[in-house]
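One structure is given here, and the rest of the page talks about it.
The first residue of the sequence shown is numbered 1, and numbering continues consecutively from there.
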Amino acid sequence: MNAYYKFKPYNIGRWIIWSLFALVLLVVPLIFTSQLSATMLAQMGIAIIACLSYNILLGQGGMLSFGHAVYTGLGSYMAIHALNMVTAGTLNLPVSLVPLVGGLAGMGFAVLLGYVTTRKSGTPFAMITMGVAELVFAMSLMFSEFFGGEAGVSGNRVAGEAFFGITYGPQVQIYYLIAIYTFVCVALMYAFTQTPLGRILNAVRDNPERVEFIGYNTQRVRYMAFIISGFFAGIAGGLGALNFEIVTAEVVGAGRSGSYLLFTFLGGATFFFGPIIGAILMIIAFVLLSELTKAWLLYLGLVFLFMVMYAPGGIASLIMMNLQVASFGKLRGFLMAYLALGLTALVSLVGAAGMVEMIYHLQINGAQGGTMKYLGLSLSVTSFNSWFGCVFVMLTGVGLFELCRRQFAHDWGRVQEEIEKEIKRREAL
């Protein structure tokens, strides 16, 4: 028998991307040095793990879950109780491994609840997950011995012996712990997408009947993916318990589950890096946007509405489409079009946001007077001129945006036809 050797070259691009990802995690707290920045960066790491774990269900398995916060939340509760046991000296476990307790708890509850949940798919699956989420949330208010009632369960992450001076007291230290978990979990979840189970999960999403015909049990595939998703969700919950040092019933609430769904979709559920984008946007919206305006949830809902209408593939799909155009050397022709779209959209937003802020001022801050500050201007909420000005600015922006959009759509369609012809020409060679 003659032996032969086959050289398989390294994927240089993949090595570069993962190296840059690690470098960003390492360097970013050195650039943004404020306490707020460290807190936000830590929350972004937690959100990245949570959204990617949710995307195992939604993007890779086609399972629309309304109760993913059950597994992040229960992981948080188990982790905070483990942390309190470490503080009391009844559990000999390094603080750095407490998130694994949350991961094992999330996996355990996924084993228990997922067996029932994954017996159905599609809409019944979504409804069952919603029911499970409501059940767990109700239990969190009933069993105060474990869940701590409305006050929640608090802990202290500065516990045990310091390891090389690391006490996890300073926020930057807990950030780097979260960054390590983030890198490892993202790598493992990406590796899962390349496994036979990850591939067959995609097949179950796209054509479950054909998967059944070739001999696979689709319920078992969904169940195993559900367990893996629960494990990583629990790790995210455990990291959240360490970061905030308190866990309340809100972590298993419907609002948290809805946030995972919303921002995973906005980022792009059909691409692996889409939920990472969505997780970053989620923290920016919750921390920064909520400080800028009381109407931030309204703006968030409008963004979600327009993304569903005009870019259902999320931000990641927009990035990939433009990368394809750039690979054929045709992106430069759209730079002015993008600038025009951005400016006209900004004008529309300024007018619409002015009306929204005046409405909120009338409803919430009416006792403070009839004048409000908006972008450095003083607007009288009882004056016709203020309302007319905002309406005029909004309608002007909308009209100009529509003209730019139509021209852009025409040029984009023409370029896509040229790209298709070029692809066929290359295939024919």
Side-chain angles (χ1 to χ4, degrees), residues 43 45-54 56-57 65-88 90-118 129 132-149 152-157 159-160 168 174 177-178 180-182 184-185 188-189 192 223-254 256-257 260:
Q43 293 182 57
I46 297 169
I48 286 172
I49 299 175
C51 287
L52 281 174
S53 69
Y54 180 72
I56 293 177
L57 302 179
S65 172
F66 291 117
H68 196 64
V70 168
Y71 308 98
T72 57
L74 292 176
S76 292
Y77 274 108
M78 294 300 292
I80 199 72
H81 283 299
L83 180 63
N84 288 334
M85 293 174 65
V86 171
T87 303
T90 57
L91 178 63
N92 186 17
L93 183 72
V95 174
S96 58
L97 298 183
V98 168
L100 291 180
V101 175
L104 293 174
M107 183 173 66
F109 285 108
V111 170
L112 177 64
L113 301 175
Y115 182 77
V116 177
T117 306
T118 57
T129 59
V132 170
E134 292 300 323
L135 173 65
V136 173
F137 181 70
M139 291 174 60
S140 69
L141 301 177
M142 293 169 58
F143 300 100
S144 57
E145 294 81 4
F146 179 80
F147 294 99
V153 181
S154 59
N156 182 12
R157 67 185 182 222
Y168 298 116
I174 200 68
L177 176 66
I178 293 172
I180 293 172
Y181 271 97
T182 300
V184 173
C185 289
L188 290 176
M189 282 186 275
F192 170 74
Y223 183 40
M224 294 176 67
F226 199 91
I227 294 172
I228 294 171
S229 174
F231 172 72
F232 288 109
I235 288 180
L239 290 171
L242 284 183
N243 185 55
F244 297 107
E245 298 179 288
I246 186 171
V247 181
T248 62
E250 183 267 339
V251 298
V252 294
R256 184 67 62 90
S257 295
Y260 294 146

So the salt bridge (charged side-chain N to carboxylate O under 4.0 Å, His left out) pairs with at least one residue in residues 224-251 (sequence neighbours excluded) are E250-R256

Residue pairs meeting salt bridge (charged side-chain N to carboxylate O under 4.0 Å, His left out), one or both in residues 66-84, sequence neighbours left out, come to none

Here the gap from I180 atom CD1 to L239 atom CG, rounded to the nearest 0.5 Å, amounts to 11.0 Å

_Taking the side chain as everything from C-beta on, heavy atoms only, tell me whether L93 gets closer than 4.5 Å to V101._
yes

Given side chains that start at C-beta, do those of Y168 and S96 come closer than 4.5 Å, heavy atoms only?
yes

Given 3.5 Å as the limit, does a donor-acceptor pair link the side chain of S257 with the main chain of A69, or not? yes

### Query
Counting heavy atoms not belonging to M107, are there more than 12 under 6.0 Å from its CE?
yes

Nearest heavy-atom contact between L57 and S229 is CG-OG, 3.7 Å

Shortest non-hydrogen pair, A133 vs G67, comes out as CB-CA, 3.7 Å

For L100 and Y181 the tightest heavy-atom approach is CG-OH, 3.8 Å

Is the backbone N or O of G237 less than 3.5 Å from a side-chain atom of T72, with the two atoms forming a donor-acceptor pair by type?
-> no

So CG of N156 and CD1 of I80: to nearest 0.5 Å the spacing works out to 9.0 Å

task = Could you please spell out the steps behind the side chain to side chain contact (heavy atoms under 4.5 Å, CB included) verdict for V136 and F109?
result = CA-CA 11 Å; V136 173; F109 285 108; over 6 Å; no

Nearest heavy-atom contact between A82 and L91 is O-CD2, 3.9 Å

So CG of L83 and OG of S76: to nearest 0.5 Å the spacing works out to 12.0 Å

- Message: Determine whether a donor-acceptor pair (N or O, by modelled atom type, separation under 3.5 Å) exists between the side chain of S154 and the backbone of I246.
- Response: no

Heavy-atom closest pair (L141 atom, A249 atom, distance to 0.1 Å) is CD2-CB, 4.0 Å

Can you tell if the side chain of F147 reaches within under 4.5 Å of the side chain of L74, non-hydrogen atoms only?
yes

Less than 4.5 Å apart, any side-chain heavy atom of Q43 and any of I178? no

Interatomic distance, CD1@I174 vs CG@L242, rounded to 0.5 Å, equals 5.0 Å

Is the backbone of G102 close enough, under 3.5 Å, to the side chain of Y77 for a donor and an acceptor to pair up by distance?
-> no

Tested for ring-ring contact (aromatic ring centres under 6.0 Å, His included) against Y71, the lone hit among F231, F226, Y260 is F226

Output for pair (T182 OG1, L177 CG), nearest 0.5 Å, gives 9.0 Å

Heavy-atom nearest pair, S53 first then H68, reads OG-NE2, 2.9 Å

Going through the checks in order, is the side chain to side chain contact (heavy atoms under 4.5 Å, CB included) test met by M78 and F146? CA-CA 9 Å; M78 294 300 292; F146 179 80; 3.6 Å; yes

Interatomic distance, CD1@I56 vs CE@M224, rounded to 0.5 Å, equals 12.5 Å

| task | Find out whether V153 and N84 are in side-chain contact, i.e. whether some heavy atom of one side chain is under 4.5 Å from a heavy atom of the other. | result | yes

Worksheet entry | Sub-4.5 Å side-chain heavy-atom contact between L52 and C185 | no

Aromatic plane relationship, Y223 with Y115 - under 30° parallel, 30 to 60° tilted, over 60° perpendicular = perpendicular

